[in-house]
Amino acid sequence: MAGARLILEGRVSIVSFILGASVIFLPLLTSRFTEPEQTLLAAAPGRIALVIFIAVLNGLLLVLYRAQLYQVAIRASFLGFAFGCGLLLGITQSPWKPFGWYVCSLSFFHYSEYLITAVNNPKSLSLDSFLLNHSLEYTLAAVSSWVEFTVEKTIYPDLKQITWLSVIGLIMVLFGELLRKCAMLTAGSNFNHIVQNEKSDSHTLVTSGVYSWFRHPSYVGWFYWSIGTQVLLCNPLCLFGYTFASWRFFRERIEEEEFSLIHFFGENYMEYKKKVPTGLPFIRGVKVEP
């Protein structure tokens with residue numbers, strides 16, 4: 001019964017994400033009321049259409065779902081809506097174009113974390129799997145990048161128009177996203193957003209696929225995804241801050257996780273640790289005294 005409910009939650013999230021992303025069709029409905037060069041938010045009809053869209057979408061979700069399913073649906077639809085708005089912004093010639101790419105990357109990252117968990121390890125699935133409440137530090141870092149982009153765009157707009165640099169950032173983001181999701185899929189039910197301190201019966205040591213390249217491919221992917229978002233935005237201050245903060249976070253996280261992995265798998269993990277690097281620069285993992 002619980003398994004069927006979790007599968008249903010995954011399906012609800014897909015439907016809701018698509019409904020939210022359908023905002024991309026609004027310009028087709030409002031085009032007759034706006035100038036060709038105007039974006040959806042630049043004209044009053046577009047802004048009114050957005051408000052109506054949000055109200056109708058929320059009303060539809062309230063009718064279709066209740067309790068936990070509504071909580072899943074409202075989060076997935078919000079991320080879909082953000083993805084759609086980012087896409088609309090990203091295909092324009094607006095100075096905000098890089099920010100549109102960023103919004104697409106951020107919203108898809110959080111939604112795909114939930115979806116892959118629903119597919120791979122439904123027993124650990126919860127609203128926290130969206131990672132929207134990851135930590136206060138994570139939220140502050142995100143807001144800081146938005147503030148920096150806006151301020152620098154106002155003071156020195158040419159800094160945000162370095163297209164080749166934004167493209168490099170986008171490639172880093174796509175690489176990081178792909179690597180992390182490959183790691184999650186390869187690990188299967190062994191993957192969990194929370195470091196496990198007790199070994200379950202189904203817990204196995206995964207050393208194949210991307211785990212034959214790096215011991216912690218999901219962290220490697222997230223690390224380069226994080227840095228890539230700031231290269232994409234051409235944010236020099238946050239690029240430095242994100243690099244340092246992410247590196248420190250993953251260094252501590254890897255050491256914590258490897259204590260558990262050594263406890264779980266003993267010599268098997270020690271041999272694996274000798275052969276395969278962590279994948280992150282200057283991070284070797286936990287040191288074990290001989």
Side-chain angles (χ1 to χ4, degrees), residues 14 16-58 74-112 132 139 141-178 224-239 242:
I14 294 174
S16 301
F17 184 86
I18 293 173
L19 285 174
S22 65
V23 70
I24 61 174
F25 298 112
L26 272 189
L28 298 178
L29 302 176
T30 61
S31 59
R32 60 180 296 186
F33 304 107
T34 59
E35 296 297 326
E37 68 276 6
Q38 288 182 311
T39 62
L40 185 64
L41 288 174
R47 293 193 290 269
I48 293 172
L50 270 180
V51 172
I52 294 174
F53 176 87
I54 293 170
V56 171
L57 177 60
N58 186 54
I74 198 67
R75 287 165 173 77
S77 63
F78 164 73
L79 292 171
F81 176 79
F83 181 86
C85 289
L87 190 60
L88 288 174
L89 203 55
I91 61 176
T92 66
Q93 296 306 313
S94 165
W96 289 89
K97 184 175 183 176
F99 197 80
W101 295 354
Y102 164 81
V103 171
C104 284
S105 303
L106 184 65
S107 55
F108 185 79
F109 171 82
H110 284 281
Y111 174 67
S112 59
L132 291 172
T139 302
V143 173
S144 296
S145 72
W146 307 341
V147 171
E148 181 182 351
F149 182 87
T150 304
V151 171
E152 290 175 349
K153 177 183 169 297
T154 302
I155 298 174
Y156 187 43
D158 288 348
L159 179 62
K160 304 305 178 183
Q161 300 302 308
I162 310 175
T163 303
W164 64 267
L165 186 59
S166 291
V167 169
I168 290 175
L170 183 59
I171 292 172
M172 291 177 65
V173 165
L174 293 175
F175 165 76
E177 176 75 22
L178 180 61
Y224 286 107
W225 175 90
S226 173
I227 296 173
T229 60
Q230 300 313 299
V231 177
L232 169 58
L233 293 174
C234 301
N235 278 352
L237 297 179
C238 280
L239 174 59
Y242 270 52

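As a basis for the values below, the full set of heavy atoms in this structure was taken, side chains included, without hydrogen atoms, waters or symmetry mates.
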When every non-hydrogen atom of Ser16 is compared with those of Ala76, the smallest separation belongs to CB-CB, 3.9 Å
Within the distance-only criterion (no hydrogens, no angle test), does the side chain of Glu152 pair as donor or acceptor with the backbone N or O of Pro157 below 3.5 angstrom?
-> no
Under 4.5 Å between any side-chain heavy atoms of Trp225 and Phe175, yes or no?
-> no
Would you say Leu239 and Val231 make side-chain contact, with heavy atoms under 4.5 Å?
-> yes
Is the number of heavy atoms from other residues, nucleotides or ligands under 6.0 Å of Phe149 CZ greater than 12?
-> yes
Verdict with supporting geometry, Phe81 and Phe78, ring-ring contact (aromatic ring centres under 6.0 Å, His included) | CA-CA 5 Å; Phe81 176 79; Phe78 164 73; 7.6 Å; no
Nearest 0.5 Å, what's the CG-CH2 distance between Asn235 and Trp146?
-> 12.5 Å
Val23 side chain near Cys85 side chain, heavy-atom distance below 4.5 Å = yes
Side chain to side chain, Leu88 and Pro27, heavy atoms closer than 4.5 Å | yes
Can you find a heavy atom in the side chain of Ser166 that is under 4.5 Å from one in the side chain of Cys234?
-> yes
Would you call Lys160 and Pro98 a side-chain contact if the rule is heavy atoms closer than 4.5 Å?
-> no
Do the side chains of Tyr156 and Leu159 get nearer than 4.5 Å, heavy atoms only?
-> yes
Report the relative orientation of the aromatic rings in Phe99 and Tyr102; use parallel for angles under 30°, tilted for 30 to 60°, perpendicular for over 60°.
-> tilted
Can you name the closest pair of heavy atoms from Gln230 and Ser145 and give their distance?
-> OE1-CB, 3.3 Å
How about Tyr111 and Phe108: are their ring centres within less than 6.0 Å of each other?
-> no
Side chains of Leu57 and Ser77: does their closest heavy-atom pair fall under 4.5 Å?
-> yes
Are Glu177 and Ser105 linked by a side-chain donor-acceptor pair shorter than 3.5 Å?
-> no
